[in-house]
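Take a look at the structure set out below.
What you see is a predicted model, and the numbers here were worked out from it, not measured in a lab. Below, read A as the first sequence line, B as the second, and so on, with proteins coming before strands; counting in each chain starts at 1.
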2 protein chains.
Amino acid sequence: MSSRGVRHDSMRARNLAVVLDAIHRTGPHTRAALAERTGLTKTTVSSLVADLLEAGVVSERGAVRGGERGRPGVAVSLSGQRVATLGLEVNIDYLAACVVDLTRAVRLRRTRPADNRNSDPAEILGLLRALARETIEAAEAGGLRVMGAALAVPGTVEDGVLRSAPHLGWRDVRVADLAGDLPLAIDNEANLAALGELWFGSREADFLYVSGEIGIGAGLVVGGALFRGTYGLAGELGHVVVVPDGPACRCGGRGCLEVYAGQDALLGPLESVTALVERLEAGEPRALEACARAGHALGVALTSAVHLLDPGRIVLGGVFAPLFPWLDAPVKDGLGARLGQMRGAPPPLVVSGIGADAAVLGAAGLVIQRILADPAQALGL
Amino acid sequence: MSSRGVRHDSMRARNLAVVLDAIHRTGPHTRAALAERTGLTKTTVSSLVADLLEAGVVSERGAVRGGERGRPGVAVSLSGQRVATLGLEVNIDYLAACVVDLTRAVRLRRTRPADNRNSDPAEILGLLRALARETIEAAEAGGLRVMGAALAVPGTVEDGVLRSAPHLGWRDVRVADLAGDLPLAIDNEANLAALGELWFGSREADFLYVSGEIGIGAGLVVGGALFRGTYGLAGELGHVVVVPDGPACRCGGRGCLEVYAGQDALLGPLESVTALVERLEAGEPRALEACARAGHALGVALTSAVHLLDPGRIVLGGVFAPLFPWLDAPVKDGLGARLGQMRGAPPPLVVSGIGADAAVLGAAGLVIQRILADPAQALGL
DNA sequence: GGATTATGTACAGATTATGGACTAAAGAAC
DNA sequence: GTTCTTTAGTCCATAATCTGTACATAATCC
């Protein structure tokens with residue numbers, strides 16, 4: 001519970017958000033339909049919509065409703081013409097940026113290959129800053145106004161500080177001012193990829209997104225909201241115990257999922273996922289066996305995850321997406337056999353549709369969400 | 001986001017809740033302090049407090065603030081004189097009821113020993129209904145008004161229906177009208193025990209409550225709110241996989257935590273936890289070994305739980321509470337060794353202070369919380 | 001073309017919070 | 001002990017916002 005009282009201005013701010021949310025969530029609506037949906041009167045909705053129109057976040061899109069009697073209403077829908085946000089990502093082997101408008105249409109996307117393993121944060125952030133500036137300029141040349149930015153990193157984040165990104169070799173990096181004087185949020189890659197899946201992929205409201213990168217992370221979405229845990233460290237699926245006293249993991253533990261299904265374990269001597277897929281398609285036994293082993297381990301870890309997190313479905317993303325045909329059966333079987341009678345049926349297992357872009361899109365989407373959640377504040381209404 | 005707009009009446013309802021919450025959360029306050037804390041004006045707060053006084057949920061408790069200058073304020077604090085709620089519990093070997101007032105002081109507590117294993121739901125619910133009626137009458141004789149009730153059950157609950165309580169042998173039981181025409185909530189025993197720990201035990205806002213009963217459940221509290229998952233089935237710690245192809249569990253899986261640390265595994269041939277504690281105190285090797293084995297398994301399962309849920313601390317409750325001296329070391333060692341460098345330090349491991357009453361208290365507390373969260377609705381203001 | 005039906009706006013009225021003035025009650029200063 | 005200062009709480013006129021009725025508008029139906 002926010003402990004601040006509601007005053008006249010916050011009542012209106014809230015109602016602006018409620019109306020905008022209704023427009024966003026269930027498509028274009030007439031003012032009359034918005035009134036019914038929000039419980040406000042037509043008069044109030046008209047006044048709120050007028051403000052939203054002026055701010056450029058919604059637009060009128062001609063008359064609607066053929067077939068029924070009475071005066072047709074004017075549909076009010078989200079406008080992608082003006083407001084946009086910037087998503088950024090640092091990963092092991094690339095930097096990425098994208099610009100997304102208020103309708104969550106992707107307007108720009110840029111990727112720079114890079115080798116960021118054990119790199120100098122200042123140097124990489126310099127490159128990222130240049131990429132951000134360039135992307136913002138391109139967006140503004142197209143008439144968009146970039147209102148905020150978010151950055152996805154492959155590591156743990158607390159209070160806006162990157163605590164630890166083992167594969168980058170970064171620790172306690174304070175990121176700021178990446179995008180000029182835009183407000184910048186920063187979050188874990190798996191979390192933002194989960195949000196990417198929510199807003200740009202399947203658009204289901206409840207799922208566990210399993211992010212296979214060098215490490216394995218996961219982001220849980222319940223009712224359209226990301227679950228972060230107490231310190232924002234929830235969802236470390238890669239270090240769920242699969243075999244209590246199995247081989248050592250780089251985390252210091254033993255028998256973690258990552259040991260069996262991390263990229264290193266999957267690839268073995270191969271140098272890319274593409275190469276692995278080729279071998280799998282050719283039916284090479286070593287490759288098939290690595291996948292079977294990973295699938296079995298994933299099934300075990302996901303069983304524990306389902307019992308603890310109760311996800312609506314399980315979405316395999318990152319490198320697990322191209323490997324889905326070979327992982328599907330062992331994971332599903334493992335889940336089915338282990339979950340037993342505890343619940344009706346195991347959560348459906350599906351593959352992510354947005355692949356490698358999930359995190360950077362989720363980052364941009366996060367900022368869009370904040371604007372939609374409080375347009376009065378974000379837009380100065 | 002609730003999709004309903006804010007109207008004048010909901011603005012006031014919200015402000016009543018905000019003021020009441022401030023009084024509840026940070027102790028008695030003067031009107032002036034409440035105004036500062038909530039951001040409302042003194043005038044508004046006075047008016048809101050007047051309504052709350054009339055409803056009997058707060059009372060004025062004389063002047064406060066010696067030492068400082070100026071007119072002393074009148075402290076407004078929660079009143080336990082009028083509003084109360086009923087907590088109920090069905091467990092394997094007892095029925096319980098309690099009445100808690102608005103300040104969360106326990107006013108009445110009743111327990112009936114019973115053997116509810118594989119019982120007839122109608123019969124047991126009849127006994128519970130009698131216990132509820134009797135308890136409500138006693139409370140009202142004491143001048144309290146019981147405003148609502150909640151029931152804790154050892155099983156899974158969906159949409160207010162008890163889906164499955166394996167140890168009771170109940171399936172798909174619709175509970176209603178247990179307490180006359182009082183509104184009745186129903187929830188899982190581990191969830192409500194976690195809330196009991198939150199409100200009547202340590203009062204920390206972030207922890208994982210581990211409930212050792214016949215089975216093993218857990219309830220995660222983050223920021224003072226219970227995490228329930230998608231279908232309300234989260235926290236099934238007892239079926240986290242400890243050994244991938246270990247012994248069969250009654251759930252249909254293999255090597256679940258319950259197999260190693262459930263009450264049956266702990267007790268072996270003994271018939272009560274008390275008996276086990278006696279053996280442990282006497283240093284009997286078989287008992288010590290059972291505890292060590294359970295502690296090791298708990299350490300493994302909790303490692304996975306910490307990675308997935310990111311709890312602020314871990315509270316051992318239920319039968320694990322009396323066994324804490326023998327579980328502490330193996331669990332802590334297991335967590336410490338396995339969590340490795342992934343986080344600063346493992347979450348603190350502590351014992352619950354409220355023992356067997358956690359669930360029934362949590363049930364009553366849940367209803368109190370609902371009244372505090374929306375006093376206007378609950379009290380007809 | 002007139003009846004019907006629904007949309008969207010106008011304007012007066014209702015509800016609630018605000019803000020400054022005022023009263024009340026205590027300690028501090030002299 | 002009288003007066004000043006400070007803080008608490010209330011009063012009342014004002015302001016912000018939403019509501020509700022009335023009404024102009026624009027389509028379909030017959």
Among B:Leu372, B:Asp374, B:Asp51, the one residue meeting side-chain contact (heavy atoms from CB on, under 4.5 Å) with B:Leu20: B:Leu372
Please confirm whether the shortest side-chain N or O distance from A:Asn15 to OP1 or OP2 of D:dC18 is below 4.0 Å. yes
Within a strict 4.5 Å, meaning less than it, do heavy atoms of the A:Leu102 and A:Ser79 side chains meet? no
Could you check which of D:dA8, C:dG19, D:dA15 has an atom nearest any side-chain atom of B:Lys42? D:dA8
A:Met11 atom CE is separated from D:dA15 atom C1', nearest whole Å, by 12 Å
Could you state the CG-C1' distance from B:Leu16 to C:dA17, rounded to the nearest angstrom? 13 Å
Do the side chain of B:Asn15 and the main chain of A:Gly5 share a donor and acceptor less than 3.5 angstrom apart? no
Is the phosphate of D:dT28, meaning OP1 or OP2, less than 4.0 Å from a side-chain N or O of A:Arg71? no
When you measure from the side chain of B:Arg69, which nucleotide among C:dT4, C:dT7, D:dT5 comes out closest? D:dT5
End axis versus end axis in the helix from C:dG1-D:dC30 to C:dC30-D:dG1, the angle rounded to 10°, five pairs used at each terminus: 10°
Under 6.0 Å from the CD atom of A:Glu158, do we count more than 12 heavy atoms belonging to anything else shown? yes
Measure from the side chain of A:Thr43, starting at C-beta and using heavy atoms only, and say which of C:dA17, C:dT9, D:dT17 lies closest. C:dT9
Between A:Arg104 and A:Ile368 (side chain of the first, backbone of the second, donor and acceptor by atom type, cut-off under 3.5 Å), is there such a pair? no
Interatomic distance where CG belongs to A:Leu34 and C1' belongs to C:dT7 [whole Å]: 12 Å
Whether the side chain of B:His8 and the base of C:dT15 hold a donor-acceptor pair under 3.5 Å is what I'd like checked. yes
Length of the CZ-P vector between A:Arg12 and D:dT19, whole Å: 11 Å
Taking the side chain from B:Thr38 and the backbone from B:Leu34, do they hold a donor-acceptor pair closer than 3.5 Å? yes
Under 4.0 Å, heavy atoms only, any strand: does A:Val74 hit a base, just the sugar-phosphate, or nothing? sugar-phosphate
Checking A:Thr41 now: which residues fulfil side chain to side chain donor-acceptor pair (under 3.5 Å) with it, not counting sequence neighbours? A:Thr44
Rounded off to whole Å, could you give me the CG-to-C1' distance for the B:Asp9 and D:dT17 pair? 13 Å
Quickly work out the A:Glu36 CD to C:dG8 P distance and round it to whole Å. 13 Å
What's the spacing between A:Ile354 CD1 and A:Glu197 CD if we round to 0.5 Å? 5.0 Å
So if I take residues 48-57 of chain B and measure heavy-atom distances to DNA chain D, which residues fall below 4.0 Å? none
At less than 4.0 Å, is any side-chain N or O atom of A:Arg31 found next to OP1 or OP2 of C:dA6? Yes or no. no
Counting only N and O atoms by type, is there a donor-acceptor contact under 3.5 Å from the side chain of B:Thr230 to the main-chain atoms of A:Val222? no
If you take atom types as modelled and just measure distance, does the side chain of A:Thr30 reach the base of C:dG8 with a donor-acceptor pair under 3.5 Å? no
Rounded to the Å, how far apart are B:Arg14 CZ and D:dT17 P? 18 Å
Using modelled atom types only, decide if a donor and an acceptor are shared between the side chain of B:Asn191 and the backbone of B:Gly219 within a distance under 3.5 Å. no
Would you say a side-chain N or O of B:Ser46 is under 4.0 Å from OP1 or OP2 of D:dG9? no
Does a nitrogen or oxygen in the side chain of B:Arg7 sit under 4.0 Å from OP1 or OP2 of D:dT19? yes
OP1, OP2 of C:dT18 versus side-chain N and O of B:Thr44: anything below 4.0 Å? yes
